[in-house]
Every structure is written in C-alpha cells, then in structure tokens.
Amino acid sequence: MRALLEQQFPRWAALPVRPVANGGWDNWTFHLGSDMLVRLPSAAEYALAVDKEHRWLPALAPRLPLPIPVPLAKGEPGAGYPYAWSVYRWLGGEPARTERVADPVRFARDLAGFVAALRGVDPTDGPRPGVHNWYRGGTLRTYAGQAHAALADLGSHLDADLAREIWGHALDARWDGVERWFHGDLAEGNLLLDDGRLAAVIDFGTCGVGDPACDLAIAWTLLTAEGRRAFRELLPVSAAEWARGRGWALWKTLVVYASALDDDEEEEAAGARRVLDGILSEYVASGRS
C-alpha cells in the first residue's frame, strides 16, 4: 500500500496507513490518514467493480438521501499489485446490528426511503447483471445449485420441505422486466449507524440495474417483524417481487447456515438459524404468498 501511494499519489504517501478492522472479503481495506479509505480488490473478479464504481457512484450520490462512498482517486496496477484500486472519503459509523438499532421501525423506514430513491434513478446505460456483481439483478435460478446443495447438507436442521416450497415459489414469481437500480448487497456490514440511526450505505460493488428484488433480502436478514412490515409498506413492491426477495434471503441464509455448521461456527450457525426461522414463519403467516 505504501509503495502504491509513493508511486501514484505522493501527496498522500506520508499519511498513516493501517488496516480497517473487519474490512471485508472482496477488498483489502486501509485507513489513509484520518479521513480517507483505500480499497484494493482481493481478486480479479472483485476488481471488475472498480471502473463501475468510479463511473456511477458520483452520479448516484446526489440523488440519494444518505451518504454513500464517492471515489476521490483511482489507482492503477503497480508495486506487484495487479488491479485497479480506489481512494474514498471515510464514512464514519458502526455496522448495523439488531441490538444496535435504536428504533427498528424508523430504521426500516429510513432504509425503505433509501431503496426507493435508488430505484428512482434513471437506469439508462447502467450496469446490467454479470460477473462484475455475481449476477445480482438477474434470475435467482443462477443460485439454484447452491440452494439445493445447502438444503441437502442441512438435512434435518430445518424444515427442508417448507424451504423448498419457498424456493420454488420465488423461482415462479415473475419479474415485470422494468429495470431499476439496486445496491445488491444490503447487509449488516454495509449499513452504518450513528447513535442507532441509519447514517450511510457503503460497498456498492454489486450494484447495477435489473430486477431489484435482491435488495429486499434485508427485510428478513436484519429487520424485525415490525420493521419488515414498515419496509414493505413504504416500497411499491408487488407480491411477486416480495416472493423473489424472500428467495434471495433464503438462498443467502441457507448457504451461510450450511457453511457455519460445516465449520463448527456455532454463533454464526445460530444466527443463520434464527433468520431461517423468520423466513419460514413469515411465509406461512402470509398465507404462503
């Protein structure tokens, strides 16, 4: 990191550089001085997002009700590092956790407002689903193999028949074909809190335009039952899109749960099981719709 700065941005080379705690999987992330952040993609597939972020985040930011990362500079390969990389302004806050949210319903409403605003941005020429974002915004069928493998691995750890029914229902729920912007990875670590309130949304590596149902998964993976109802009420979401969103949440949680059990990660497994229980019970309570 120091060598890259010295070669390409000597004005910043004397600033302190230190790793960001829990900096994520897709990038090696560093604090640069007191108010900047450097992200170096950790593999070629993650590096595909760099040009996209530099092209689109400055265009999205003014149209959104919460701060998002906006690149300050783009680095090039060098010093033995093979990919393009980015410098951002640091956005403060702590990752969202259920126990950290001051008001779950207000949090859900603020998040719904952000999602609605993002969906309202003109999608013309926006990045379509592809390798750059792991096909977010495309069909859930891309992940059918992973979902069925996880179900097979989990065996008696959940009601597999009900989970398969939910998955099938999600696959059958048709998209209207209207492309909209989506974040693609609304999750705890990408939603920042300030004094318990939603303060910023980060990590747009999976963003794009297409079917925005993937952004609904957060309704099950983080929101409370009351928050989930408020979230849905504030978004113009059809029953079919809600079903697809539930499918995205189910796929992600099945994979996490199976992996956690395989690795004896008891706390992570327990968290995934709680989310799965919520997905199953919400589906039944909704009249299986």
Check: [X] side chain, [Y] main-chain N or O, donor-acceptor pair, under 3.5 Å:
X      : Y      : answer
Arg136 : Pro129 : no
His132 : Arg128 : yes
Thr253 : Ala249 : yes
Thr98  : Thr224 : no
Asp263 : Glu265 : no
Arg197 : Leu193 : no
Asn190 : Asp185 : yes
His183 : Asp203 : yes

Side chains of [X] and [Y], heavy atoms from C-beta outward: is any pair under 4.5 Å?
X      : Y      : answer
Val87  : Leu37  : no
Pro123 : Arg180 : no
Asp215 : Leu118 : yes
Tyr83  : Tyr46  : no
Arg244 : Leu216 : no
Ser86  : Tyr88  : yes
Val101 : Arg97  : no
Arg246 : Ser286 : yes

Hey, quick one: are [X] and [Y] part of the same hydrophobic cluster, counting side-chain heavy atoms closer than 4.5 Å, chains of contacts allowed?
X      : Y      : value
Leu171 : Tyr283 : yes
Val201 : Leu60  : yes
Val17  : Leu15  : yes
Leu162 : Tyr257 : yes
Val50  : Ile202 : no

query = Taking it one step at a time, do Leu192 and Glu94 satisfy side-chain contact (heavy atoms from CB on, under 4.5 Å)?
reply = CA-CA 5 Å; Leu192 300 184; Glu94 59 180 359; over 6 Å; no
Between [X] and [Y], which heavy-atom pair has the shortest distance, and what is it?
X      : Y      : result
Leu40  : Tyr81  : C-OH, 3.2 Å
Gly138 : Trp248 : O-CZ2, 3.8 Å
Ala147 : Leu254 : O-CD1, 4.2 Å
Glu76  : Leu4   : O-CD2, 4.1 Å
Pro65  : Gly113 : CG-O, 4.1 Å
Phe9   : Gly75  : CE1-CA, 3.9 Å

request  = Take Asn27 and Thr29 through the side chain to side chain donor-acceptor pair (under 3.5 Å) test and state the conclusion after the steps.
outcome  = CA-CA 6 Å; Asn27 292 267; Thr29 312; 5.7 Å; no
Check whether more than 12 heavy atoms from other residues, nucleotides or ligands sit under 6.0 Å from atom [atom1] of [X], and answer yes or no.
X      : atom1 : value
Arg174 : CZ    : no
Asp176 : CG    : yes
Asp194 : CG    : no
Arg106 : CZ    : no

When rounded to the nearest 0.5 angstrom, what distance separates [atom1] in [X] from [atom2] in [Y]?
X      : Y      : atom1 : atom2 : answer
Leu158 : Asp277 : CG    : CG    : 8.5 Å
Asp211 : Glu241 : CG    : CD    : 6.0 Å
Arg89  : Leu32  : CZ    : CG    : 10.0 Å
Arg228 : Trp242 : CZ    : CH2   : 7.0 Å
Lys252 : Leu276 : NZ    : CG    : 13.0 Å
Leu140 : Cys214 : CG    : SG    : 9.0 Å

ask   = For Asp26 and Arg39, what are the C-alpha separation, side-chain angles and deciding distance, and is it a salt bridge (charged side-chain N to carboxylate O under 4.0 Å, His left out)?
value = CA-CA 9 Å; Asp26 299 359; Arg39 284 162 52 93; over 6 Å; no
message = I'd like to know whether Lys74 forms a salt bridge (charged side-chain N to carboxylate O under 4.0 Å, His left out) with Asp51, so could you lay out the CA-CA distance, the side-chain angles of the two residues, the decisive distance to 0.1 Å, and finally the verdict.
response = CA-CA 9 Å; Lys74 179 182 173 184; Asp51 286 342; 2.3 Å; yes
request  = Scan Thr221, Leu222, Val256 and name whichever one has a side-chain contact (heavy atoms from CB on, under 4.5 Å) with Val275.
outcome  = Thr221
ask   = When the aromatic ring centroids of Trp28 and Trp85 are compared, is their separation below 6.0 Å?
value =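 Centroid distance Trp28-Trp85: not below 6.0 Å, so no.
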Test side-chain contact (heavy atoms from CB on, under 4.5 Å) applied to Glu165 and Asp161, step by step = CA-CA 6 Å; Glu165 179 181 330; Asp161 288 339; over 6 Å; no
task = Going by the ring pair (Phe, Tyr, Trp, His ring centres under 6.0 Å) test, name the single residue among Trp134, Trp167, Trp251 that passes it with Tyr143.
result =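 When Trp134, Trp167, Trp251 are each tested with Tyr143, the ring pair (Phe, Tyr, Trp, His ring centres under 6.0 Å) holds only for Trp251.
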task = Go through the steps to decide whether Arg18 and Phe30 satisfy the test side-chain contact (heavy atoms from CB on, under 4.5 Å), and finish with yes or no.
result = CA-CA 5 Å; Arg18 66 188 192 281; Phe30 299 88; over 6 Å; no
task = Report the C-alpha separation of Trp90 and Met36 in whole Å, then their side-chain angles, then the decisive distance to 0.1 Å, and conclude whether the side-chain contact (heavy atoms from CB on, under 4.5 Å) test is met.
result = CA-CA 5 Å; Trp90 174 259; Met36 289 186 288; 5.7 Å; no
